[in-house]
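A, B, ... follow the sequence lines: proteins, then strands. Residue 1 opens every chain.
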Amino acid sequence: MRTRRDDGVARRLVTSFYDRPTLTVAAELIGKVLVHRTRGGIASGMIVEVEAYIGEDDPACHAAPGPTARNAPLYGPPGLAYVYLNYGIHYLVNAVTEAEGSPAAVLIRALQPIDGLDLMVRRRSGGGRTLQETDLCRGPGNLTRALGITLQQNRADLREDTLWIEDRGLAVGNLVWGPRVGIRRGVEQPWRCAIAGHPSVSGPRPVLR
DNA sequence: CGTTCGATGCACT
DNA sequence: GTGCATCGAACGT
């Protein structure tokens with residue numbers, strides 16, 4: 001799973017990007033491009049929605065119980081991918097942040113599709129559904145499916161491997177912060193960040209006020 | 001629009 | 001056993 005010359009090396013986010021406070025990384029990941037290259041081709045999209053999960057004191061963070069086999073990547077170096085299976089059905093992808101030993105990550109929740117639209121449609125068309133482009137990568141489980149991300153990408157190094165995040169200098173609109181969705185505890189923290197009014201943002205839209 | 005609910009695998013108690 | 005960082009179909013309004 002090594003890098004090829006054309007794998008966005010010059011634009012890839014580097015260690016110093018991920019090795020910062022998680023809320024800072026979360027905000028700056030908006031507008032960056034998540035890319036996955038497989039044998040089937042390249043698929044990518046601009047990140048439009050994320051959530052931060054920060055440390056063992058965050059009850060919604062997988063590190064809340066302390067170190068385990070599953071959450072080990074969270075304790076690893078910044079710039080790793082943390083992928084896990086949720087509800088037995090969906091794979092969710094995170095970018096590990098902050099220094100090694102400090103468990104935190106940013107969950108990627110939605111993308112605006114850019115490259116490999118046909119590939120994404122093929123991967124998403126499980127039941128003869130008709131999919132709008134804006135729905136292809138709307139929701140954390142949907143985007144991993146569209147990009148072909150599975151447990152195989154867990155612990156992938158976003159700085160070196162065939163799954164990565166790059167900066168194409170894309171413009172983003174206003175950012176909105178709101179409560180994280182789909183969790184029971186830790187609801188108080190407004191650690192979800194999205195592009196205001198973007199059509200690919202999942203779930204309840206954070207209200208701009 | 002909205003809400004409810006089943007599918008499904010695995011970490012953790 | 002229990003409880004999820006979900007999704008989409010099916011139904012109600």
According to a hydrophobic-cluster definition based on side-chain heavy atoms being under 4.5 Å apart (Ile, Leu, Val, Met, Phe, Trp, Tyr only), do [X] and [Y] belong together?
X       : Y       : result
L143(A) : Y84(A)  : no
L119(A) : V121(A) : no
V25(A)  : M46(A)  : yes
V33(A)  : V93(A)  : yes

Between [X] and [Y], does at least one N-O distance fall below 4.0 Å, as a salt bridge requires?
X       : Y       : answer
E28(A)  : R20(A)  : yes
E51(A)  : R109(A) : yes
D115(A) : R37(A)  : no

Next on the checklist: Tell me the closest heavy-atom pair linking L175(A) and A27(A), and the distance in Å.
Outcome noted: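 Nearest pair, atom of L175(A) first, then A27(A): CD1-O, 3.8 Å.
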
Reckon [X] has a side-chain N or O less than 4.0 Å from the OP1 or OP2 of [N]?
X       : N      : answer
R109(A) : dT6(C) : yes
N142(A) : dG8(C) : yes
R184(A) : dT6(C) : no

Next on the checklist: Can you check the distance between dT8(B) and dA10(C), where both ends of the measurement are the P atom (answer in whole Å)?
Outcome noted: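 Pairwise P distance, dT8(B) against dA10(C), rounds to 15 Å.
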
[atom1] of [X] versus [atom2] of [N]: gap in Å, rounded?
X       : N       : atom1 : atom2 : value
N154(A) : dA5(C)  : CG    : P     : 16 Å
E56(A)  : dC12(B) : CD    : C1'   : 15 Å
Y53(A)  : dC4(C)  : OH    : P     : 12 Å
Y84(A)  : dC10(B) : OH    : P     : 15 Å
R124(A) : dT6(C)  : CZ    : P     : 15 Å
D135(A) : dC7(C)  : CG    : P     : 11 Å
I89(A)  : dA5(C)  : CD1   : P     : 15 Å
Y87(A)  : dA11(B) : OH    : P     : 16 Å

Item to check | H62(A)-Y53(A) aromatic ring centre distance below 6.0 Å | outcome: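 No, they do not, as the ring centres are separated by 6.0 Å or more.
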
Checklist entry - Starting at the 5' end of DNA chain C, which residue's closest nucleotide do you reach first, G88(A) or P140(A)? => result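 Final value for this comparison: G88(A).
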
Checklist entry - Taking the side chain of L85(A) as its heavy atoms from C-beta onward, which of dG9(B), dC4(C), dG8(C) lies nearest to it? => result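 The answer is dG9(B), which lies nearest to the side chain.
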
Checklist entry - Among the nucleotides dC7(C), dA5(C), dT8(B), which one has an atom lying closest to any side-chain atom of I183(A)? => result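 Given the options dC7(C), dA5(C), dT8(B), the side chain of I183(A) is closest to dA5(C).
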
Item to check | Nucleic acid contacts - residues 64-79 of chain A versus DNA chain C, non-hydrogen atoms under 4.0 Å | outcome: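 When residues 64-79 of chain A is checked for heavy atoms under 4.0 Å from DNA chain C, there are no hits whatsoever.
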
Checklist entry - Under 4.5 Å between any side-chain heavy atoms of E98(A) and Y18(A), yes or no? => result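 The answer is no, as the side chains (C-beta and beyond) never meet within the 4.5 Å cut-off.
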
Item to check | For DNA chain C, the dot-bracket pattern of Watson-Crick and G-U pairs whose distances stay under 3.5 Å, | for other-strand partners | outcome: ||||.|||||||.

